[in-house]
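Along the sequence shown, residues carry numbers from 1. Because only heavy atoms are used, hydrogens play no part in the values below, and waters and symmetry mates are left out as well, while side chains stay in.
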Amino acid sequence: MKKLWFPALLIISFILSAVGHYAGFPYTLEFIISAVSVIFVAGFLGKATESVAHHAGQRLGGFLNATFGNAAELIIGILLVKEGEFDMVKASITGSIIGNLLLVLGLSVLAGGIKYKIQNYNVSLAGLNGSLMLLAIIALGVPAIFLHTHAIESKDTNVLSLIVSGVLIVSYLLWLLFSMITHKDYLADVSEGGPLDVEHEEAAWSKGRSILYLIIATVMVAFVSEWLVDTLDPITEKFGLSAIFVGAFVVAIVGNAAEHSAAVMLALKNKIGAAVEIAVGSSLQIALFVAPVLVFVSQLFASGPMDIVFTVIELAAMGVAVFIAKSITQDGSTNWYEGMLLLAVYAILGVSFYLV
């Protein structure tokens, strides 16, 4: 019976969310139902990811979780770009980056640190992740600096955005080649006793079923996220929230729900390496791949091209998140207090964005 309650609630909440969307429930009620559904769907995706990680290894499992989790965000981003909501897209990209580096990583480190005094992972991977985070901030910040200082004109930002986006995509693909193929063993996850062995554990599902469930869960996340996003405008107006707060925090939290649950679950099982791979890897994927892809996709729509110029507030938030996350993760070990520090910075940014 214990194994049946979760799938039952998963299916019921998903159906109710669909009915609420297509039957025109009051927006507040529809928002609540969809938010609850996202929690259950994210839990389903987290369990599927954990099972895939058992068969494919923790690093590949973490990469798959980040990729499938960001698929929903990419879909939402494309829909917003098509409608010309460029500011909302940039705010959601900002929120996704700081949400993964501060909220997801913070919750994972805090939860894992409470259960295990010190958790260790590959220090070389930590260093490279930090360098990639700096690359992301440099790439996203340079166009804004050159535009706002009038070193270039507005008409040149589209060309610069396309070039920067192309460089980021190539850099990300080369990172996958480096980390997954040429230096796979160099970046393998470790514990105090050496390579982390999870073979003694039993996977929840077979390899084929795990992959199938991962795909199904991703599709469910995409649908529920879109239904939830449709309620944001009326909710924003009703409660007097700013668009930048909704984009940077509400949309980002919804889009990252899958990573939240999966990373925390892995950290609680002393798999902090996989949890970091999900949190930091997802943030890097957003900055180095999703954002540049949206720039290229925007060229196809009548709404016009989207540049990669972020506001000073957005750049400051991302810079702060990268600075504290790099500082905490660079030594390859974590504890609960470091998780608390990440969450403290997230709370400060959240209040600041709310007051904008």
Side-chain angles (χ1 to χ4, degrees), residues 70 73-74 76-78 80-81 83-102 129-172 175 242-252 255 280 282-299 301 303-327 345-346 348-350 352-356:
N70 286 335
E73 189 143 354
L74 179 60
I76 294 172
I78 292 174
L80 290 174
V81 166
E83 296 175 3
E85 298 284 351
F86 299 148
D87 290 340
M88 181 72 80
V89 172
K90 293 175 186 177
S92 66
I93 289 172
T94 300
S96 181
I97 292 173
I98 64 178
N100 278 300
L101 292 180
L102 300 178
N129 277 337
S131 298
L132 283 169
M133 286 189 281
L134 290 177
L135 168 64
I137 290 302
I138 292 170
L140 297 179
V142 166
I145 293 172
F146 274 72
L147 177 64
H148 295 322
T149 56
H150 306 291
I152 61 174
E153 299 180 6
S154 299
K155 61 183 178 65
D156 298 321
T157 57
N158 186 44
V159 175
L160 180 58
S161 296
L162 288 172
I163 293 174
V164 171
S165 297
V167 171
L168 288 178
I169 291 175
V170 171
S171 299
Y172 183 69
W175 164 245
S242 66
I244 191 170
F245 174 78
V246 172
F249 284 82
V250 179
V251 174
V280 177
S282 181
S283 181
L284 290 173
Q285 193 174 77
I286 289 291
L288 303 180
F289 186 76
V290 173
V293 165
L294 290 175
V295 171
F296 281 106
V297 169
S298 69
Q299 310 292 319
F301 296 128
S303 57
M306 181 183 81
D307 59 43
I308 204 168
V309 177
F310 288 79
T311 65
V312 174
I313 293 175
E314 291 167 339
L315 289 173
M318 289 187 286
V320 167
V322 167
F323 175 77
I324 186 69
K326 185 179 187 300
S327 175
V345 175
Y346 188 73
I348 292 171
L349 291 176
S352 301
F353 272 72
Y354 178 77
L355 295 175
V356 171

Inset, instruction - Check side-chain contact (heavy atoms from CB on, under 4.5 Å) between Val320 and all other residues, then give those that pass, not counting sequence neighbours. - result: Val345

Legend entry - Gly77 versus Leu294, closest heavy-atom pair with distance: C-CD2, 3.7 Å

Legend entry - Residue list, ring-ring contact (aromatic ring centres under 6.0 Å, His included) with Phe310, at least two apart or on another chain: none

Inset, instruction - Kindly write out the residues that satisfy side-chain contact (heavy atoms from CB on, under 4.5 Å) with Ala317, not counting sequence neighbours, or none if the list is empty. - result: Thr94, Ile98, Leu349, Phe353

Legend entry - Within 6.0 angstrom of Ile313 CD1, more than 12 heavy atoms from elsewhere: no

Inset, instruction - Might you confirm whether atom CZ of Phe289 has over 12 heavy atoms from other residues, nucleotides or ligands at distances under 6.0 Å? - result: no

Inset, instruction - Determine the interplanar angle of the Phe245 and Tyr354 rings, folded into 0 to 90°, and report it as parallel if under 30°, tilted if 30 to 60°, perpendicular if over 60°. - result: perpendicular

Inset, instruction - With sequence neighbours left out, write down each residue that passes side-chain contact (heavy atoms from CB on, under 4.5 Å) with Pro143, or none if nothing qualifies. - result: Leu160, Val164, Ile308, Val309

Inset, instruction - Not counting sequence neighbours, which residues clear ring-ring contact (aromatic ring centres under 6.0 Å, His included) with Phe86? List them please. - result: none

Inset, instruction - With sequence neighbours left out, write down each residue that passes ring-ring contact (aromatic ring centres under 6.0 Å, His included) with Phe301, or none if nothing qualifies. - result: none

Legend entry - Qualifying salt bridge (Lys or Arg N to Asp or Glu O under 4.0 Å) pairs, either residue in residues 158-169, two or more places apart: none

Legend entry - Atom of Ala287, atom of Ala136 and distance for their closest heavy-atom approach: CB-CB, 3.6 Å

Inset, instruction - Answer whether the closest heavy-atom distance between the side chains of Ile137 and Leu315 falls below 4.5 Å. - result: no

Legend entry - Residues in side chain to side chain donor-acceptor pair (under 3.5 Å) contact with Gln299, at least two apart in sequence or another chain: Asn158

Legend entry - side-chain contact (heavy atoms from CB on, under 4.5 Å) partners for Leu134, two or more places apart: Val322, Lys326

Legend entry - Within 6.0 Å of CZ in Phe146, more than 12 heavy atoms from elsewhere: no

Inset, instruction - Keeping to residues at least two apart or across chains, list the side chain to side chain donor-acceptor pair (under 3.5 Å) pairs with something in residues 306-315. - result: Lys90-Asp307, Thr311-Glu314

Legend entry - Trp175 side chain near Leu288 side chain, heavy-atom distance below 4.5 Å: no

Legend entry - Ser96 side chain to Ser92 backbone, donor-acceptor under 3.5 Å: no

